[in-house]
Amino acid sequence: MSEATSGNGPKGTAVVTGASAGIGKVYANRLAARGYDLILVARRGDRLADVAAPLREQFGVKVEPVVADLGNDVDLEKVATKIAGDASVTLLVNNAGTATFGPVAQTELGAIDAMNDVNLTALVRLSRAVLPGFKTRDHGTIINIGSVLGFAALQFSTVYSGTKAYVQFFTRGLQTEVAGSNVRVQLVCPAATATDLWEISGVPVTRLDPATVMTSENMVDAALAGLDLGEAVTLPSVENPAPLLAAYEAAAGAVLASSQNGKPASRYKIAG
Ligand code: NAP
């Protein structure tokens, strides 16, 4: 079991963004059950209050709802400053996210901005907010929620996949930055999970093959089990991810290595 999820002492405070619904709401429940106090962030204060009350009662933990629009600079800065200055924070789950599926030219600019702002900018800003404290205390865990769509840009998911590819690279990069310390960074890449995100995206979950859809409870329980197992990248529905990820990273490394020669490739027939 990892330091973040085991031990007898107080666990500290877990910050869960997007805790008013779906996957984040389940993280809030499971982390409260593990003994974390909680800071729960989302725009819908009424939903956060509904999530918080039973957790306080059932698990006896402190739960602080923070109503914030993570797509808004002022709100984002407010949350970042709050969690940067709180030494009790030992875990950050960057879960808040949004999706609007469809061709780029037919997608509202506001929806594109929201995906970039929430899925990507807020995740980077909040990671950066907690990292100095985690490094100084040599303790702390960041869980970034990516997606299997971060491995593939499908016709309907150009922007969303782009944001999740960013999450993947950013999180893998952070892992190299904290290597050798007790700070942990986990990338979680769910496949289709039964949440409101699908309705919001314009593709109701009922249009998916039910056999491909996981419950949010199973997704979070698998992701936390992956954290306990020490996984850097957790693909909750993938039976044997290690060889796939090794091949993927080897191919990416080979592309990078083969580019390091300072010359146009011979197929372009550029003299000199
Ligand atoms: P969801 O049920 O729609 O929940 C999204 C959460 O994010 C809500 O709590 C929402 O709260 C919050 N959020 C959205 N925009 C926000 C904003 N501007 N400011 C603050 N909070 C905001 O979706 P979900 O499926 O649980 O999504 C959670 C994460 O999993 C996302 O990062 C998503 O990309 C990822 N994911 C989901 C699936 C899937 O199939 N569902 C698959 C792969 C990855 P408010 O509306 O109250 O603000």
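One-based numbering, in listed order, for ligands and for the atoms of each. For this chain, numbers begin at 1 and follow the sequence in order.
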Item to check | Working for salt bridge (Lys or Arg N to Asp or Glu O under 4.0 Å), residues Glu64 and Arg56 | outcome: CA-CA 10 Å; Glu64 184 184 355; Arg56 288 190 197 104; over 6 Å; no
Next on the checklist: Check the orientation of Phe101 and Trp198. Use parallel for under 30°, tilted for 30 to 60°, and perpendicular for over 60°.
Outcome noted: tilted
Checklist outcome for this item: Min over Ser20, Ala19, Ala191, Ala114 of heavy-atom distance to atom 10 (C) of ligand 1 lands on Ser20
Item to check | Atoms in ligand 1 flagged as close to Arg44, the criterion being non-hydrogen separation under 4.0 Å | outcome: 11 (O), 45 (P), 46 (O), 47 (O)
Checklist entry - Is Ala122 near ligand 1, meaning one of its heavy atoms is under 4.0 Å from it? => result no
Checklist entry - Could a heavy atom of Lys25 be found less than 4.0 Å from some atom of ligand 1? => result no
Checklist entry - Would you say Thr17's side chain and Val41's backbone share a donor-acceptor pair under 3.5 angstrom? => result no
Checklist entry - Below 3.5 angstrom, do we get any N/O pair linking Val118 and ligand 1? => result no
Next on the checklist: Test your reading of the structure: does Ser147 have an N or O sitting under 3.5 Å from an N or O of ligand 1?
Outcome noted: no
Item to check | Identity and distance of the protein heavy atom lying nearest atom 29 (C) of ligand 1 | outcome: Asn95 O, 3.0 Å
Item to check | Min N/O separation Thr98 to ligand 1 under 3.5 Å | outcome: no
Checklist outcome for this item: Exactly one of Arg30, Arg184, Arg34 clears salt bridge (charged side-chain N to carboxylate O under 4.0 Å, His left out) with Asp228, and that residue is Arg34
Next on the checklist: Would Pro190 count as a polar contact of ligand 1, with the cut-off being nitrogen or oxygen pairs under 3.5 Å?
Outcome noted: no
Item to check | Closest non-hydrogen atom pair between Ser161 and Ala152, with its separation | outcome: OG-O, 2.8 Å
Item to check | Nearest candidate to atom 40 (O) of ligand 1, where distance is taken over non-hydrogen atoms, out of Thr193, Asp196, Val220 | outcome: Thr193
Item to check | Within-shell test, Ile200 vs ligand 1, heavy atom, strictly < 4.0 Å | outcome: yes
Checklist entry - Is there a donor-acceptor contact under 3.5 Å from the side chain of Asp75 to the main chain of Leu70? => result no
Checklist entry - Is a side-chain N or O of Lys164 found less than 3.5 angstrom from the main chain of Ile145, in a donor-acceptor match? => result yes
Next on the checklist: If I apply the N/O under 3.5 Å rule, does Ala192 come out as touching ligand 1?
Outcome noted: no
Checklist entry - To which of Leu70, Val51, Leu197, Val79 does the heavy atom nearest atom 19 (N) of ligand 1 belong? => result Leu70
